[in-house]
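Heavy atoms only: backbone and side chains are in, while hydrogens, waters and symmetry mates are out.
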Amino acid sequence: MKPKIGVIVCGFIENKQFVTNAYIQSVRYSGGIPLVLPLVRSDQVISEYVLLCDGFLFCGGNDITPLLFGQEPQKGNGQTNISLDLFQIRLMKEVLKTEKPVLSICRGMQVFNVACGGTIYQDISLRPGKHLDHMQQSGSRSEVSHKVHIKSGTLLKKCVGSVLYVNSYHHQTLDKIGKKLIVSATASDQTAEAVEMPSHPFAIGVQWHPECMYRTSAEMRELFGHFILSAAQGKSAADEKKLINLISINIIKKKILMSELSVLDLQNLSNLINSYDTTHSKMTDYAAQAEDPELRQIFRDTADSALKNRQELIHFLAAAHK
């Protein structure tokens, strides 16, 4: 099954949440299943989003509320929505605790940086020194604006190479780089054009808009392709872990029946039974709080499966000692 990619809502138009179609199409054409994740004011739902999806795409949008990175508004700061900011930052932090891949675009890269403790120049004019005009005025968003250089040894370079010509639609840029992040690409004026988290399997932020160049740039298709591939590999690894766990259970059952359990086996068995207790309790709680019926049923099924496996192991163990 294809990996499910959570496409985080871009923002609001009046009372409507929206995601630009190019993000959805780029995920779909790259082999993922796009699932739009709307803003919610619920930590529980955010946790459900993290469990549900195999990868996450943080999209472009308006500015981030300066207070959230320790500053007061300065000249050049644009439109903000603190509810959206808090939601995206919280979700980003939760996603980064997992090994699920993250691709962050434009505002998304700035959310990535702020979530990791970084800061932003509220307008490029506030950045010392000379700088390019990073807000291009071309008729099509797929047209290129300037060149970026990608640093050697980075994951981004493995995805797209050493040099790229990109579009540019931002008036803000990164200042202090967040913890555990490195700058992986810069423009000729040394503006940070990409960041990544080396300790994470795939966590990349880019300042340009690759989704707008998807049809015209092979490199942008490669970037999305690597992102979706990472999500697919993570999904396969999770499925394989479940299979290995099932095989381990069957081996333990066989040893119980043949009275071949060692002290280490008994310890592993005890740990396994305890883990099923924890899983059953946690999934039962999630099911009670889940608002989506389909997701609620998934949690219930998982809880039931954990309880069944626990009871089966205890039964086998009791039978072996008769």
Between E219 and S217: side-chain donor-acceptor atoms closer than 3.5 Å: yes
Starting from I24, can I reach F12 by hopping between I/L/V/M/F/W/Y residues whose side chains sit under 4.5 Å apart? yes
Could you measure the distance from the OG1 atom of T119 to the CG atom of L68? Nearest 0.5 Å is fine. 13.0 Å
Verify the distance criterion only: is there a donor paired with an acceptor across the side chains of Q172 and Q122 at less than 3.5 Å? no
Non-hydrogen side-chain atoms of P66 and N77 separated by less than 4.5 Å: yes
With sequence neighbours excluded, what pairs up with H226 under the ring pair (Phe, Tyr, Trp, His ring centres under 6.0 Å) test? none
Taking C-beta and beyond as the side chain, do M197 and L96 meet within less than 4.5 Å on heavy atoms? yes
When you compare the side chain of L84 with that of L86, does any pair of heavy atoms fall below 4.5 Å? no
What distance separates K4 NZ from D54 CG, expressed to the nearest 0.5 Å? 4.5 Å
Q17 side-chain N/O to L39 backbone N/O, donor-acceptor pair under 3.5 Å: yes
Does the side chain of T186 reach to within under 4.5 Å of the side chain of I150, using non-hydrogen atoms? no
Please report the shortest heavy-atom distance between M213 and Y165, naming the atom on each side. CE-O, 3.5 Å
Does Y121 have any ring pair (Phe, Tyr, Trp, His ring centres under 6.0 Å) partners at least two apart in sequence or in another chain, and if so, which? none
Nearest atoms (heavy-atom pairs only) where Q136 meets S145: OE1-CB, 3.0 Å
Identify the heavy atoms of C53 and I5 that sit nearest to each other, and give their distance. SG-C, 4.5 Å
Distance in Å, E193 CD paired with L174 CG, rounded so as to fall on 0.5 Å steps: 9.5 Å
Would you please classify the geometry between the F224 ring and the Y214 ring as parallel, tilted or perpendicular, with 30° and 60° separating the classes? perpendicular
For M135, is there any backbone N or O sitting under 3.5 Å from a side-chain donor or acceptor partner on Q137? yes
L57, F18: one ILVMFWY side-chain cluster at the under-4.5 Å cut-off? no
Any chance you could lay out the side chain to side chain contact (heavy atoms under 4.5 Å, CB included) test for C116 and L181, step after step, and finish with the verdict? CA-CA 8 Å; C116 293; L181 300 184; 4.0 Å; yes
In short, G76 meets H171 closest at the heavy-atom pair O-CE1, 3.0 Å
Joint cluster assignment, V114 & I182, ILVMFWY side-chain distance < 4.5 Å: no
List the atom of G32, the atom of I228, and the distance in Å for their closest heavy-atom pair. N-CG2, 3.7 Å
What do the steps show when you test K75 against D123 for side chain to side chain contact (heavy atoms under 4.5 Å, CB included), and what is the final call? CA-CA 7 Å; K75 184 177 180 180; D123 192 79; over 6 Å; no
Backbone of I8 reached by a side-chain donor or acceptor of Y49 within 3.5 Å: no
With no hydrogens and no angle check, is any side-chain donor or acceptor of D189 less than 3.5 Å from a backbone partner on L132? yes
Looking at Y23 and F58, would you say the former's side chain and the latter's main chain have a donor-acceptor pair under 3.5 Å? no
Side chains of F69 and N113, heavy atoms from C-beta outward: is any pair under 4.5 Å? no
All heavy atoms of Q110 vs all of I120, minimum pair found to be CB-CD1, 3.6 Å
Scan for salt bridge (charged side-chain N to carboxylate O under 4.0 Å, His left out) pairs involving residues 76-102, sequence neighbours excluded, and state none if there are none. D85-R107, E94-K97
Sequence neighbours excluded, the answer for ring pair (Phe, Tyr, Trp, His ring centres under 6.0 Å) partners of F227 is F202
Any side-chain heavy-atom pair from L307 and Q311 closer than 4.5 angstrom? yes
Yes or no on side chain to side chain contact (heavy atoms under 4.5 Å, CB included) for V195 and F112, after CA distance, side-chain angles and deciding distance? CA-CA 9 Å; V195 292; F112 186 18; 3.9 Å; yes
Counting C-beta onward and ignoring hydrogens, is there a side-chain heavy-atom pair between V144 and V166 closer than 4.5 Å? no
With the 4.5 Å side-chain cut-off for hydrophobic clustering, are L126 and I124 part of the same group? no
side-chain hydrogen bond (donor to acceptor under 3.5 Å, both in side chains) with E222: which residues, sequence neighbours excluded? none
Are the side chain of S138 and the backbone N or O of S140 linked by a donor-acceptor pair below 3.5 Å? yes
Main-chain N/O of R141 paired to N167 side chain as donor or acceptor, under 3.5 Å: yes
Rounded to the nearest 0.5 Å, what separation is found between the CD atom of Q190 and the OG1 atom of T173? 11.0 Å
With hydrophobic residues grouped by side-chain heavy-atom distances under 4.5 Å, do V111 and I177 end up in a single group? yes
Ignoring hydrogens and angles, tell me if any N or O in the side chain of D63 forms a donor-acceptor pair with the backbone of G78 under 3.5 Å. yes
Go through the structure and list residues passing ring pair (Phe, Tyr, Trp, His ring centres under 6.0 Å) with H200, not counting sequence neighbours. none
Separation of S199 OG from K179 NZ (nearest 0.5 Å): 13.5 Å
Checking side chain to side chain contact (heavy atoms under 4.5 Å, CB included) for the pair T20/C59: CA distance, chi angles, key distance, verdict? CA-CA 9 Å; T20 306; C59 306; over 6 Å; no
Have a look at H170 and tell me which of H209, H146, H134 forms a ring pair (Phe, Tyr, Trp, His ring centres under 6.0 Å) with it. H134
Any chance you could measure E48, atom CD, to L37, atom CG, to the nearest 0.5 Å? 11.5 Å
Side-chain donor/acceptor of Q207 to backbone N/O of M109, under 3.5 Å: no
For the residue pair W208 and L164, establish whether any side-chain heavy-atom pair is separated by less than 4.5 Å. yes
